[in-house]
Amino acid sequence: MENQEIARVLWETADLMEIAGEDSFRIRSYRNGATAVEGYPERIADILRDPHRNVTEIPGIGKGLAQVLAEIVERGSCERRDLLLQKFPPTALEFLKIQGLGPKSIALIFQHYRISTIDELERLCQEHKLRVLPRMGAKLEEKVLRSIAQYRQRSGRYLLSYAEGVAAELIEALGQVPGVDAVTPAGSLRRGRETVGDLDLLVTGPSAHAALERFVTYPRVEEVLGRGENKASAKVGREGFQVDVRALAPENFGAALQYFTGSKDHNVAIRTRAVKMGLKLSEYGLVRVEGDIRVAGETEAGVYEALGLPWIPPELRENCGEIEAAAEGRLPELVELQHIRGDLHMHTTETDGRATLDEMAEAARARGYQYIAITDHSKALAMANGLDEKRVVAFARQVREINRNGAPSGLRVFSGIECDILKDGALDLAPDALAELDLVIASVHSHMNMEAAEMTDRLMRALECPHVRILGHPTGRLLLHRDPFPFDFDRVAAEAVRRGVWLEINASPERLDLHGALIRGAKAKGARFAISTDAHHPKQLDYMRYGVVTARRGWLGPDDILNTLAAEPFAAALQSRP
DNA sequence: GCCGTTTTCGGCCCGACTGTTTTCAGTCG
């Protein structure tokens, strides 16, 4: 069993404990344990098996959780979780995803009504049966109904990072089958969409069909939906993520990759173009209608070439002008991961990060970066132990000291802050404290349910502060969880351009904020960008690739992005503000 | 349940908003 799965069982158990009203410190320990397990570099299952090792050497894991971990690895659950699941239906965990309902309310609902599905919860609200319970009223019923609608809209999609993980796992497993040459992901994963509905894997090689057999018997396959000669579909993992695996003949590979990568709209436009040229494009190849002569299909580039087009990067294939641009030879040069020279948004143990400045710097060096900015939270985020002015000044001094002596990692460190934008648009820290820092990111973390006009004013005011250089996760969305807050993006983007403020492309797979369409719109206004991971753990520095993919979906090249600059010009850019 | 030590017990645990209240519990970040 992988660490990720163990962590998931711990998270679930903690959620159930919360509904059961158990001791909050114990719940916290379970959650801490889950985070520790999730981020641990070695497999917990291996450590448990090794008689010379002890899982209690992992910080956050004590005697109690060691026992629990052993149980989970052995049989996928633990006693506490089993007992709680006898008390509450498994769907109780689903109820927690409905905004406005917390553990206490859910427990109360279960005490009064025997319900187990979201549909039944919806009916309770519609029949005004929630308002008879203590501390519940009409407003809550409305809010829950709205949240249920949102929840339904989102279900059935998965984070890009999740889909990528499943893809990597299956590519590894199917790639080991003798006679399989390559396993290639297509679909929205290949286009880098922020959420993915299902996964398409294309298999080539003399024994590609053997991979289908391996797939349907794969241990994590929960339900086989279909199994034919060339295609198998199944639900993978407890989340029920649908994966389609196709075995392809090598001569079809390019056409199939093009076809299954999509998007649908892109393909319709491409096939229309083919028809106009007297060609017919399908997943089996590109054929000249007259005489039924096959002209392309082996490679994707060959298919595009035969249509008079350069190869179009998958991230652009949304039928948003990419075909016209390709035809006119004005496809943009897109940014790549190797262009990125530093990461500009990360947290440390000073606030809610899991590693120290030195550890983050070392991790950044290992990824080949020239510089990083440390940007912990400001004091408004009390729960994260945000920095006040005094700590900011001390931190800026500490960083100057580090750079003077040369950081052990050899990396240049910039002092920064992720400063909260307060309700009225003021920044959370005094200007003279902000002036001490190399980089100020301004972000909204609270009061997200304002009217659009009010939120716009708030952001416009935040941009007035002369120390602000980056607007952090500008729309505040949390994928599959919270919609972006409403505001006039165009006005704010234009103001950011005018004031020389960069817009963040937050690379955390839960945010990817800004997203492609907004990026492109802002670029048209002259905006410039920073891609940052918002890492709270050294491993999360790897999120950069999701940010780069998102920037590519916004048609950005290396010159549009601040942190493609080498250390010296980057430092100079920080100094100069119009 | 973990951790650390003034070493086997006590601390961990903030702050604002919201809705349903008549003084505050629950949610969220």
Side-chain angles (χ1 to χ4, degrees), chain A residues 10-11 13-37 54-72 78-81 84 95-111 125 128 130-147 347 349 351-354 376-388 418-424 426 428 443-450 454 472-473 476-478 481-483 485 508 510-511 513 534 536:
Chain A
L10 286 175
W11 287 116
T13 310
D15 285 347
L16 287 165
M17 287 160 73
E18 202 161 29
I19 294 171
E22 292 193 25
D23 175 57
S24 62
F25 298 114
R26 178 174 291 160
I27 296 169
R28 174 175 255 254
S29 297
Y30 272 71
R31 296 222 165 103
N32 273 339
T35 320
V37 166
N54 201 328
V55 284
T56 53
E57 72 200 46
I58 302 166
I61 305 297
K63 266 170 106 178
L65 281 181
Q67 194 80 41
V68 172
L69 288 181
E71 229 185 319
I72 293 174
C78 57
E79 195 186 350
R80 187 180 290 276
R81 180 171 173 274
L84 287 166
F95 282 28
L96 274 174
K97 291 182 186 150
I98 304 295
Q99 276 174 308
L101 287 189
K104 292 287 192 302
S105 311
I106 293 169
L108 191 64
I109 293 171
F110 282 136
Q111 270 169 35
C125 293
H128 304 316
L130 235 47
R131 63 179 70 174
V132 304
L133 300 181
R135 294 204 153 269
M136 293 193 182
K139 286 256 178 75
L140 182 72
E141 285 172 347
E142 275 170 43
K143 183 170 187 177
V144 169
L145 282 175
R146 273 200 313 275
S147 305
H347 299 270
T349 45
T351 60
D352 58 352
R354 307 278 303 178
D376 270 311
H377 289 290
S378 65
K379 63 179 189 274
L381 243 64
M383 110 199 205
N385 188 27
L387 272 63
D388 59 13
E418 184 185 19
C419 187
D420 258 55
I421 299 173
L422 303 180
K423 191 177 182 183
D424 61 358
D428 185 29
S443 301
V444 168
H445 288 116
S446 60
H447 307 106
M448 299 195 187
N449 49 358
M450 288 180 161
E454 210 184 341
H473 43 72
R477 75 169 178 179
L478 290 177
H481 185 65
R482 184 179 68 207
D483 288 337
F485 46 71
S508 163
E510 283 162 17
R511 291 191 183 270
D513 179 12
D534 202 351
H536 287 68

Distances under 3.5 Å only, N/O to N/O: pair up the protein atoms with those of nucleotides 6-10 of chain B.
none

Whole-angstrom distance between dT8(B) and dA16(B), as gauged at atom C1' | 38 Å

dG19(B) pairs with which nucleotide, Watson-Crick or G-U wobble, both distances below 3.5 Å?
-> dC24(B)

Could you run down the sub-3.5 Å N/O contacts of the protein with nucleotides 21-25 of chain B?
{"unit_1": "dA25(B)", "atom_1": "O4'", "unit_2": "Arg135(A)", "atom_2": "NE", "d": "3.4"}

Grab the N/O contacts between the protein and nucleotides 14-16 of chain B below 3.5 Å, and write none if there aren't any.
none

Nucleotide N/O to protein N/O under 3.5 Å, stretch nucleotides 3-5 of chain B:
{"unit_1": "dC3(B)", "atom_1": "OP1", "unit_2": "Gly60(A)", "atom_2": "N", "d": "2.6"}

Using atom P of each nucleotide, how far apart are dG26(B) and dT20(B) to the nearest Å?
-> 14 Å

Who pairs with His473(A) by ring pair (Phe, Tyr, Trp, His ring centres under 6.0 Å), at least two apart in sequence or on another chain?
-> His445(A)

Is there a donor-acceptor contact under 3.5 Å linking the side chains of Glu510(A) and His481(A)?
-> no

Give a yes/no answer on whether the side chain of Arg80(A) brings an N or O atom under 4.0 Å of OP1 or OP2 in dG1(B).
-> yes

Audit row: Arg31(A), Glu18(A), salt bridge (Lys or Arg N to Asp or Glu O under 4.0 Å) steps and yes/no | CA-CA 11 Å; Arg31(A) 296 222 165 103; Glu18(A) 202 161 29; 3.0 Å; yes

When you compare dT23(B) with dG29(B), how far apart are their C1' atoms, in angstrom units rounded to a whole number?
-> 25 Å

Rounding to the closest angstrom, what is the interatomic distance between dC14(B) and dT7(B) at atom C1'?
-> 29 Å

With rounding to whole Å, what would you report as the distance between dG11(B) and dT5(B) at their P atoms?
-> 16 Å

Send over the distance from Asn449(A) CG to dT27(B) P, rounded to a whole Å.
-> 17 Å

Across all chains, not counting sequence neighbours, the ring pair (Phe, Tyr, Trp, His ring centres under 6.0 Å) partners of Phe95(A) are Phe110(A)

C1' atoms of dG10(B) and dC17(B), separation to the nearest Å | 32 Å

Gap in Å between the two C1' atoms, one belonging to dG15(B) and one to dC9(B), rounded = 29 Å

Under 4.0 Å between a side-chain N/O of Ser105(A) and OP1 or OP2 of dT27(B), yes or no?
-> yes

